[in-house]
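Structure first, commentary second.
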2 protein chains.
Amino acid sequence: MQDHVKIFEDYLKKHNLKLTRPRHVILAAVFANHSHFDVDALYDQIHQKYTDVSRATIYRTMPLLIEAGLIKRSLRSQARDHYEHIFGHKHHLHLICNKCGSIIEAESAAVETLLQNLAKRYNFTITECNIGARGLCEKCRE
Amino acid sequence: MQDHVKIFEDYLKKHNLKLTRPRHVILAAVFANHSHFDVDALYDQIHQKYTDVSRATIYRTMPLLIEAGLIKRSLRSQARDHYEHIFGHKHHLHLICNKCGSIIEAESAAVETLLQNLAKRYNFTITECNIGARGLCEKCRE
DNA sequence: TAGTAAATGAGAATCATTCTCAAAGTTTTC
DNA sequence: GAAAACTTTGAGAATGATTCTCATTTACTA
């Protein structure tokens, strides 16, 4: 019994939602080998083994996983929403090189704390930070 | 103060593109009073005075303004792309309410400074910060 | 002013995401 | 353990932002 399964079960139970087979399959797929994914890729992956899990259910399950604190919507690319794990991963931010496209993941705790404090001034309750920057990495700057 | 007009004109000329009336109208509307907008709102605003400027042209003009360095795609909310000025505006960050979709713009200088310092440790040179968070605004938290 | 290349409006097309609804699954109650 | 009382599901339709098509118009150049 892995932790993320337990977290999801607890979340479902708490909200009077049911632990169904499709939800199990989707959860497993999400945590199988992706740190980063979109619904389409997830569907392809799941569909190879479980042809009876529909796209609709995957779309419906994403908000639950987000609410449960297991994943978050991380970025939009190719006109699609992308998601990433939160559970088991430290919060991080992305430094994206405009030249080579490489993505550096940096520790974001300090920045997030500052952002939390700032939000307080607006009486805004943060549930999810999205922090990043674009520029040039060491190599591309020459 | 028409610097943004000149920048756009120069960009168009440089790329053998034409300075048309719709492009003028759109540029003016973008810089009229928005620090922040989506295509739909822009269309409504323009359409009141200029009923002959189509949505298609607005959509087609956004990439040009981005290429010209005048605006940037800043965030996605309510399933829509949002844009913001780069030219002539202070940097800010967005707090997006997950319930009502309202967007609070907060001063980002402090957070950006911290992010700059962090980037230094990775020998990364930031040219553009993207900082935001999602959660609940004062009203929606009840 | 004509020639020509680019731009436009209108509406169709696209495509990710959400919704609908009847059928099926899950939990509860006795 | 079966039926009641809810939830969830799959399939496909619906939605809605964005992009594309194409016949027509416009801006610039010579």
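Proteins get letters first, then strands, A, B, ... in listed order; numbering begins at 1 in each.
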Produce the list of close N/O pairs, under 3.5 Å, pairing protein atoms with atoms of nucleotides 24-28 of chain D; give distances to one decimal.
unit_1: D:dA27; atom_1: N3; unit_2: B:Lys18; atom_2: NZ; d: 3.4

All N/O pairs under 3.5 Å across the protein-nucleotides 16-19 of chain D interface:
unit_1: D:dA17; atom_1: OP1; unit_2: B:Arg80; atom_2: NE; d: 3.4
unit_1: D:dA17; atom_1: OP1; unit_2: B:Arg80; atom_2: NH2; d: 3.1
unit_1: D:dT18; atom_1: OP1; unit_2: B:Asp81; atom_2: N; d: 2.8
unit_1: D:dT18; atom_1: OP1; unit_2: B:Asp81; atom_2: OD2; d: 3.4
unit_1: D:dT18; atom_1: OP2; unit_2: B:Tyr59; atom_2: OH; d: 2.7

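Across all their heavy atoms, A:Ser74 and A:His36 have their closest contact at OG-NE2, 3.5 Å. For A:Met62 against A:Phe37, the heavy-atom pair with the smallest separation is SD-CE1, 4.0 Å.
One interatomic measurement links the two molecules: NE2 of A:His24 to P of C:dG25, which rounds to 17 Å at whole-angstrom precision. When rounded to the nearest whole Å, the span between CG of A:Asp52 and C1' of C:dA23 equals 15 Å. Counting to the nearest Å, the P atom of C:dA7 and the NE2 atom of B:His15 are 12 Å from each other. Rounding to whole angstrom units, NE2 of residue B:His47 and C1' of C:dA10 are separated by 12 Å. Rounded to whole Å, the distance from CG on A:Leu12 to C1' on C:dT27 is 14 Å. One interatomic measurement links the two molecules: OH of A:Tyr43 to C1' of D:dT9, which rounds to 14 Å at whole-angstrom precision. Rounded to an integer number of Å, the gap from A:Ile58 CD1 to C:dA16 C1' is 13 Å.
Remark: the backbone N or O of B:Val111 is not paired with any side-chain donor or acceptor of B:Ser108 at under 3.5 angstrom. A:His82 contributes a side-chain N or O that, together with a main-chain N or O of A:Ser77, makes up a donor-acceptor pair within less than 3.5 Å. Between the side chain of A:Arg141 and the main chain of B:Asn123, a donor-acceptor pair closer than 3.5 Å is present.
Side-chain nitrogen and oxygen atoms of A:Arg60 include none within less than 4.0 Å of the OP1 or OP2 phosphate oxygen of D:dT8.
For the residue pair B:His94/B:Glu84, the side-chain donor-acceptor check at 3.5 Å is satisfied.
Counted within 6.0 Å of NE2 on B:His91, heavy atoms from surrounding residues, nucleotides or ligands total 12 or fewer; the atom is thus considered open.
Here A:His85 pairs with A:Phe31, A:His89 under the ring-ring contact (aromatic ring centres under 6.0 Å, His included) rule; sequence neighbours left out.
Below 30°, between 30° and 60°, or above 60°: for B:Tyr11 and B:Phe8 the angle between ring planes is below 30°, a parallel geometry.
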